[in-house]
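In what follows, chains are A, B, ... by sequence order, proteins preceding strands, each numbered from 1.
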Amino acid sequence: MGRTLMKGNEAMALAAIRGGCTHFFGYPITPQNEIPELFARELPKAGGLFLQAESEIAAVNMLYGSAAAGARAMTSSSSPGLALMQEGISMLAATEIPCVIVNVMRGGPGLGTIQPAQSDYFQMTRGGGNGDYRIISLAPATVQESAEMMQKAFDLSHKYRTPVFLVSDGMLGQMMEPVEFLIPPSTKPAGDQSWVLSGHQGRRPPRTIKSLRLDPAMLENHNLKLQGKYSRITRRESQFESYRADDAELLFCAFGSAARIVKNSVDDLRQNGRRAGLIRPMTLWPFPFPAFRVLPEKCKSLVCVEMSCGQMVDDVRLAAGGRVPVHFYGRCGGVIPEPAELSEYAEELIVGGAV
Amino acid sequence: MGRTLMKGNEAMALAAIRGGCTHFFGYPITPQNEIPELFARELPKAGGLFLQAESEIAAVNMLYGSAAAGARAMTSSSSPGLALMQEGISMLAATEIPCVIVNVMRGGPGLGTIQPAQSDYFQMTRGGGNGDYRIISLAPATVQESAEMMQKAFDLSHKYRTPVFLVSDGMLGQMMEPVEFLIPPSTKPAGDQSWVLSGHQGRRPPRTIKSLRLDPAMLENHNLKLQGKYSRITRRESQFESYRADDAELLFCAFGSAARIVKNSVDDLRQNGRRAGLIRPMTLWPFPFPAFRVLPEKCKSLVCVEMSCGQMVDDVRLAAGGRVPVHFYGRCGGVIPEPAELSEYAEELIVGGAV
Amino acid sequence: MSVIFKKTAGLTETDTHYCPGCTHGVAHRLVGEVLEELGLLGDTIGCASVGCSIFSYNYFNVDMIECSHGRAPAVATGIKRTVPGKTVFTYQGDGDLAAIGTAEIVHAAHRGEHITVIFVNNAIYGMTGGQMAPTTLSGQKATTAPTGRNAELSGMPLKMSEMIAEVPGATYVERVSLHHPKYIRKAKKAILRGFTYQLQNRGFSMVELLSTCPTGWGLAPVAALEWLGNNMIPYYPLGVLKAPEEV
Amino acid sequence: MSVIFKKTAGLTETDTHYCPGCTHGVAHRLVGEVLEELGLLGDTIGCASVGCSIFSYNYFNVDMIECSHGRAPAVATGIKRTVPGKTVFTYQGDGDLAAIGTAEIVHAAHRGEHITVIFVNNAIYGMTGGQMAPTTLSGQKATTAPTGRNAELSGMPLKMSEMIAEVPGATYVERVSLHHPKYIRKAKKAILRGFTYQLQNRGFSMVELLSTCPTGWGLAPVAALEWLGNNMIPYYPLGVLKAPEEV
Amino acid sequence: MADRRGIPHIAVERCKGCGLCVSVCPEAVLSIDESRVNLKGYYPVTVESGESCIGCLSCALICPDVTFTIELLDDR
Amino acid sequence: MADRRGIPHIAVERCKGCGLCVSVCPEAVLSIDESRVNLKGYYPVTVESGESCIGCLSCALICPDVTFTIELLDDR
Amino acid sequence: MFSERILCAGFGGQGVMVLGKLIACAAMLGGREVTWMPSYGPEMRGGTAYCSVVLADHPVGSPIVTTNATSLIVMNLPSLERFEQSVLPGGLVLVNSSLIDREVRRDDVLVQTLEANKIAAECGAPKAANMVMLGAYMAIREVIDQNHLKMAFRQIFGTMAMTSFELNMKAVRRGFESVDTVVVTRKAA
Amino acid sequence: MFSERILCAGFGGQGVMVLGKLIACAAMLGGREVTWMPSYGPEMRGGTAYCSVVLADHPVGSPIVTTNATSLIVMNLPSLERFEQSVLPGGLVLVNSSLIDREVRRDDVLVQTLEANKIAAECGAPKAANMVMLGAYMAIREVIDQNHLKMAFRQIFGTMAMTSFELNMKAVRRGFESVDTVVVTRKAA
Ligand SMILES: Cc1ncc(C[n+]2csc(CCOP(=O)(O)OP(=O)(O)O)c2C)c(N)n1
Ligand SMILES: Cc1ncc(C[n+]2csc(CCOP(=O)(O)OP(=O)(O)O)c2C)c(N)n1
Ligand code: SF4
Ligand code: SF4
Ligand code: SF4
Ligand code: SF4
Ligand code: SF4
Ligand code: SF4
Ligand SMILES: [Mg+2]
Ligand SMILES: [Mg+2]
């Protein structure tokens, strides 16, 4: 196909179809509407199904049914819509149903705004639904990566039988950038289908997909099984990008949209002779703690930059473990920071002696 | 009244009425049904209103309307019900509506069980709704405290114009213990009513309660205002109990039901000559970081005990800041740890040299 | 000698957890029998809802999925749209279907989903201990209506079948009762009809079964049957509320 | 010389953000006039819903509250149950009321809440850019129904008023249209009647206003009025669907 | 019809002693046996006068626990 | 009725030029003025032949932006 | 430190919950720290109902008695099956032999059997077998006195008809007395 | 490092979004890194529509051009009012003087005015004022060439009717040429 100019939302939808997605259920909400709209046009042509649900709650439950019946299925929404899906997501995690859920984040709380933000980090990494569960959470920073991570999301979800979040935002979803589809289209996974609801045909005992276990010992066992899976994922799947970090004195940590902006200011700072670098989590959960295990020798402080009032900063502090101070710089409510203000903030820290 | 034997759920409901609660909206769910049932019997007698909603979503939105119209109003539910309320809670926080929301936690994820658990710590401290917001989260450990914190919850919610969580669980809610109502009944708060919807009577401009702000600068300002309030609350309202902690080598951290059990094992360990102690967060948010600022001189390690797979442990690690190792012991799925197993775990740590 | 009645293969060997005399068991049997008679057991996926019947996934001899409270029709939609060749049904209580799940049932009907809904109306929340449901009768006591349902406070009981019948996408809606063998025979016919329309891809079908909850009502099982007959049927009249033109 | 028409005090001076020719503006005016004429402006609390009319809180000269998508009837319930002396209304679009908010509207009606619902049905999601609504007509194009609504896939359009009229607690339900001055006069009468019943504590009233969305429909404003008259009214017949016996 | 002869068999261990079958049997064939408790802890139903059974199936239709198997004596 | 004389006043800056009023005026009193743009950027409506106005209020009833004030010349 | 950990178990209708509540309440009125914790949820339906009661002279930690009961009061056979092993060596097992026709298999506990249903019937209060058990418990474990029990009745039942109060107290007394009159099987602790 | 940051602004129907997309796409086809970012949401309705385009020879960080535009293409007056201050000193302001009858007030930027609507009408494509602006932009900032623009047309519009393609290209050419023929106001950088 070569490089095509495409919105992040469109790239995710097309990549999903390449990733073998056959069923989409969703409810309109800005700034992600290009996703359902593209599916509405394209999925039927590919023999798949686009169905508009009456609400986000219905959408996530249709997704549950569809994926339980064996489809590669997904939904997408934006922040308040995700809030409504929490019960359903907890259920998907509990019953280990593979599927993909996109959050094109906007500012909050409440209705907030339709402009970009990253203030759903907690929602994307620490549930919001009830109980102990974790969702793999992938955070692209470019349109190209949005496409690639979408294809990967389906594979991960099937590999671990778990829902996967793709965490975009209004900026990444609405902007156009060159995209090239490099990953070959997926064919249906030959993987384990022994849990899929298909009718027993009189040839096997009936199957049940369920989360309720009234015997505490059984539910604890189930939880331990889930936790075992989560540790495997934590060990194997955390991912990050390291940008000019090797010799950094001041190390930024930022993801997604914020990270792209931070890169600009890392370059600016470097031009001014400041040793700045960036660690960009590409998985929000599992958070890439290994990236911080060995900090650059000269690293004097970490600066977490978010388009929120500070949520990932908890994880950065946990990663720092008290070894270096962690500073926070955030903009919120739909405001997108400029590289210059980040550089300025960093300069102040350096001049103030914090770095 | 003297000491009366009472279920935690009943004590909360009665205390709410003493706290001036006039309106309750809720939807049945185990193990909190005694709360709505008591309100159904008692509130009408007190001139108040009990209304059963068609769902938790309706309940939290009725609460929103009622509190916005000036009532001391509340709802209660249990874990999956709370998951459904997330959008509404984000809205309540955004619009700064004072009200009280009880979570009588049960095991998860999904439907999980109706037995006690503490696996909604994330849900109770890091939203789950969209956007940057925080909810004051009170965690009683006895029936007596359930009653006291309930009355306090209303006052806090009005003081800061913010929703307040009362975090109980199936054990605290279902068990009976002696209760004495010591705090005098609240009278209606004379506080600021300038935001209450009351009809303008042609005497003032119309009022609007809203969360949407399409101008990013305005929404950022609103967020900063909220954050300012959250820092004030963080500075002033965090609370904890310290139990035999002064000279502890091994310091437990646990809240609510788990904490009462830990107390037993602290006593056991002390009897065996082990210097154990407990820090019990009484507010989950704001987490009582000050309790950990100065650790007991001899403290060699922290042990976080939860009836979950480990959620508060993040905050304990943040509190420890790398100064001492943080261990985690959890039971989940409705299993309640026994003091003996905790003591045993602690002994192993001590013998293993971790402490 | 011939066997004229035996337990259907549509039910598993597991004993139910229902209270003595609870007609959920009768509803189960009827669904099991119909699925067996239509030869559908191997090709059916059932959606269990949250209520006393949550464990129905242990009792029906078909693949089953547990659905969050009220959401079974959405889950059923997802399944049916993925494997249209399978028979898909939901089994829902009145709290599940008529309260929290109102939007999902209305919109499954609205879209004309080719599914069959078994709606067990016992006028109460059984599972959680006898709270008032939208279907609780006027004056009927419940733990959250200690002096009986008060229409001034909570409105008159909701007639879901009448409402759903108004939705263009609903094909077949009938209300039957389980309080007497004669009525149980009719109930089975209705269930059969519901599944038959599904097999013919003729859209959404729902059968409302008036059912007892001796525990929640605080009545002995036999008294509960009578109470149903004397109190529920007058308010919830039995019969076909909507049916397609036969083809 | 006498002024026979001027802008009502029921609306603020703020200009609306609605697209040119969008009849949301007409609906606003009618509600404002009725509230003014009944002398209720100082005693009314309005519930804005999520849709193009979200900013209605800037336009009505009454205290207003913003409600999450679909939940206005629950919020209104909370308000009315707290200050029963105030007049409480919701203003909701068809996506808000007929999709995500189905449960809330049905149950507000079910409980017979003494509120008035202004239901603006423009057969589309205007705010989010023209997606299909439950009320979108068969064959009508929308961004999520690019070849037109297909009844096989999405069912026939949902007639909310007919459905709500079936709910026992609903007192007054009428459907009117805003596509022509003659109909607008009738619409105002209906709105007046809705609020009057509320003042008499006679329960739940809902007025469905057929409305245009020139932008979402891709039509010029005048063409949109015609389209409404020619296409919506035949499917959504105007008139009283339910009204109380006069006392 | 009066000639019709049925034989009711009861899976006693499944019985919850609810008495619904007893209440609907037109021939008073069944009764609750209060002299014993089944493994589940209920007084189970018992066939009191089997010879009167007309095989009408009422008991089987109303039994929520599907305890009944009914045979028809077709040689009469 | 033909005797009735109305005077339409238009809050031009509020007008969005949608033309609804023009389309419903029975006397062709109104027209869109394409010669100018109001502050909002629309071609506003204008009174083309005010003398024909019969004060029927149609324009006022249909205008979504409530631009009209109508007076009745009652001396006729 | 004093700590009595009691499990009361039986069928749904046998009144084991109230039995536990009365013990807890009377002990509270006697100045103890107490907790009472029910089993709850749908598994109760038709199955075994039970509650845990803890009496102590210091704040009670876990209100749940699982493997470390000091007393077990069992009203029916399934409950004995389920909880026999939960009693600490040296603990008490109080058995309603009206409905339990097997022996306690442990030989490291104190066993007291009594025909509670029969005794209750004799008192003219056939439903008060739980009160008979309560009386027996009071006789063996001297942690609550009759006065506090009477006050507990008031607190739990509110204004109760005098006759039923008298009947219940009679059953309690008969249970209390029966400890000396019925066959006692004491095995070595 | 090369970095061109463009703001295109005008009324909803003026085609500023497409104008920006064509620039971005053509530049991409010419080998640049590019981003395009629209304003979105209901405030667009009837108001000002605008988009940001960034062209660079390295990966683009922020796709949003706010205060640091190197070029501003304005199609109507409100857009000039809103964005005039967003241009960096030395930057370009390209003004559609058909609809903007005031002068640019900055004296530290390069200003080019052209009567885009009039020129478009002259081409027989009255709706193609945006294409005229595009041509002028190409003439001044030599970052995209005609060939890539043609390919960009294909990518963005798919199979477009040949006539409308030709018309659009004609408008682009006339815009390109007009830079030398219309009055040019250059102020000192
Ligand atoms: C989200 C959520 N809310 C509430 C509950 C609690 N709950 C469980 S069953 C039930 C009601 C069951 O009533 P019904 O549907 O009538 O079924 P029945 O038990 O009467 O057969 C409720 C409210 C839940 N599990 N999940
Ligand atoms: C929970 C949630 N889901 C989705 C949205 C996005 N959304 C905003 S308005 C709207 C639909 C509006 O349509 P309608 O109610 O018909 O009003 P209209 O704009 O047509 O007047 C939607 C889906 C939202 N804000 N919140
Ligand atoms: S509670 Fe009611 S509905 Fe549930 S099993 Fe018992 S009788 Fe049946
Ligand atoms: S989008 Fe439609 S409903 Fe919304 S303001 Fe524009 S015309 Fe009106
Ligand atoms: S078949 Fe009929 S007659 Fe025979 S036992 Fe059953 S109910 Fe009685
Ligand atoms: S109806 Fe069934 S369960 Fe009930 S008594 Fe008869 S056989 Fe037993
Ligand atoms: S009042 Fe009637 S006649 Fe006069 S301008 Fe308006 S529509 Fe025309
Ligand atoms: S209807 Fe109103 S807004 Fe539309 S053109 Fe006429 S005056 Fe202007
Ligand atoms: Mg029910
Ligand atoms: Mg609409």
Could you measure the distance from the [atom1] atom of [X] to the [atom2] atom of [Y]? Nearest 0.5 Å is fine.
{"X": "C:Thr144", "Y": "B:Ile35", "atom1": "OG1", "atom2": "CD1", "answer": "14.0 Å"}
{"X": "B:Gln52", "Y": "C:Thr143", "atom1": "CD", "atom2": "OG1", "answer": "7.5 Å"}
{"X": "C:His69", "Y": "B:Leu84", "atom1": "NE2", "atom2": "CG", "answer": "9.5 Å"}

| field | Proximity of residues 147-173 of chain C to chain B, residues having a non-hydrogen atom under 4.5 angstrom | value | C:Leu153
| field | B:Leu38 portion near chain C, given a 4.5 angstrom heavy-atom threshold | value | neither
| task | Go through the atoms of B:Tyr27 and report whether side chain, backbone, both or neither lie under 4.5 Å from a heavy atom of chain C. | result | side chain
| field | Interchain contact, C:Pro134 with chain B, by part (heavy-atom threshold 4.5 Å) | value | neither
| field | Heavy-atom pair with the smallest gap, counting every atom of B:Leu111 and C:Cys67 | value | CD1-O, 4.4 Å
| request: Answer yes or no: is there a donor N or O on one side and an acceptor on the other, between the side chain of B:Asn33 and the main chain of C:Gly129, under 3.5 Å? | output: no
| Partner residues of C:Phe204 under the ring-ring contact (aromatic ring centres under 6.0 Å, His included) criterion, sequence neighbours left out | none
| query | Is C:Lys242 atom NZ crowded by more than 12 heavy atoms from other residues, nucleotides or ligands, each under 6.0 Å away? | reply | yes
| message | Could you check whether any side-chain heavy atom of C:Thr102 comes within less than 4.5 Å of a side-chain heavy atom of B:Glu54, counting everything from C-beta outward? | response | no
